[in-house]
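For reference, the structure is listed below as structure tokens.
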Amino acid sequence: MMTDTAPLTVAAAGHAPMGSPFAHVDTWIFDLDNTLYPAACNLFAQVDVRIGAYIAEALGLDADAAKRLQKDYFRQYGTSLRGLMLNHGVQPEPFLDYVHDIDVSAILPQPAMAESLAALPGRKIIYTNGSKGHAENVMRRLGVADQFHAVFDIVAADFTPKPDALPYTTLIQRHGIDPTRAVMVEDIARNLEPARALGMATVLVETDSPFSLPNPDAPPAALPYVQHRITDVPAWLAQVVADLAGPK
């Protein structure tokens, strides 16, 4: 059960030798989709189809016109939903319920990741452009729901999606986060820029998704707000836990 408790410092937990790059962290902020589970699960393909179907039905468009509008709004507003709300008065709750009513069986349970999350000192928070219900559905499938203290979703963000800077500030204020003692783990590089500007450590989960990098050919130096790059979240978490625990 998720509860938002006061953060535990690494020092108070008796971990984190100074050699760990995450020795200072007491709040761990994770994106959800394509971060906690592999992008190869391709859940977004299901969501994408359902967004198009919802737009077609709500606005009386054919499938092709609905798809064009969906993608135009995504590019312009960060989510198709925000464009629909601003331009057509679409109510967000029925939209979110519909588009996230998907099959998550492609996700495999991750008991090792759950064990690593449990060993991390401090709070763990999900920050997603999706809905809380979707996050809880995915977390249950992964077997990690008990390891997270809170979900900060698109509703909590007042329907303003990442990477707009405003919801990052709201997240920090609502959960009493010191951003200089937080790390954000995310599969879309541009979503890490506001986090780094606030002082958070940043970890990019590199995927084959075209949304992951603004320019896949750009050298690492072109993305100064990305401090660490990984490809396997469970393996990275296991290594972080080992580093924080120190020599045995």
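The structure presented is a predicted model; accordingly, all values stated were derived computationally and were not measured.
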In Å and rounded to the nearest 0.5 Å, what is the [atom1] to [atom2] distance from [X] to [Y]?
X      : Y      : atom1 : atom2 : answer
Asp208 : Asn42  : CG    : CG    : 11.5 Å
His228 : Leu204 : NE2   : CG    : 11.5 Å
Leu69  : Gln76  : CG    : CD    : 9.5 Å
Leu244 : Leu120 : CG    : CG    : 7.0 Å

Say whether, by atom type as modelled, one donor and one acceptor occur between the side chain of [X] and the main chain of [Y] under 3.5 angstrom.
X      : Y      : answer
Arg196 : Pro224 : no
Asp26  : Gly122 : no
Gln227 : Thr202 : yes
Gln110 : Ala112 : no
Arg181 : Thr27  : no
Asp153 : Lys132 : yes
Thr207 : Ala39  : no
Trp28  : Val185 : no
Gln70  : Gly52  : yes
Arg141 : Ser105 : yes

Can you tell if the side chain of [X] reaches within under 4.5 Å of the side chain of [Y], non-hydrogen atoms only?
X      : Y      : value
Met139 : Val151 : yes
Val203 : Phe22  : yes
Ile125 : Ile177 : yes
Asp158 : Thr170 : no
Leu142 : Tyr37  : yes
Val49  : Gln46  : no

Can a donor-acceptor pair be found between the side chains of Thr35 and Asp187 at a distance below 3.5 Å?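 Yes - a donor-acceptor pair under 3.5 Å links their side chains.
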
For a quick test of your reading: what N or O donor-acceptor pairs under 3.5 Å do the side chains of residues 233-242 make, sequence neighbours left out?
residue, atom, partner, partner atom, Å
Gln239, NE2, Asp243, OD1, 2.8

Are any of the side-chain nitrogens in Asp62 or Lys67 under 4.0 Å away from the carboxylate oxygens of its partner?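 Salt bridge flag = no for Lys67 with Asp62.
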
Taking distance alone, no hydrogens or angles, what donor-acceptor pairs closer than 3.5 Å link side-chain atoms of residues 84-92 to residues at least two apart or in another chain?
residue, atom, partner, partner atom, Å
Asn87, ND2, Tyr77, OH, 3.0
Asn87, ND2, Gly83, O, 3.1
His88, NE2, Tyr73, OH, 2.7

Step by step, work out the side-chain contact (heavy atoms from CB on, under 4.5 Å) result for Leu171 and Arg174. CA-CA 5 Å; Leu171 167 67; Arg174 186 165 301 176; over 6 Å; no

Applying ring pair (Phe, Tyr, Trp, His ring centres under 6.0 Å) as the test, list every pair that has at least one member in residues 102-130; sequence neighbours left out.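 The answer is Tyr127-Phe152, Tyr127-Tyr168.
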
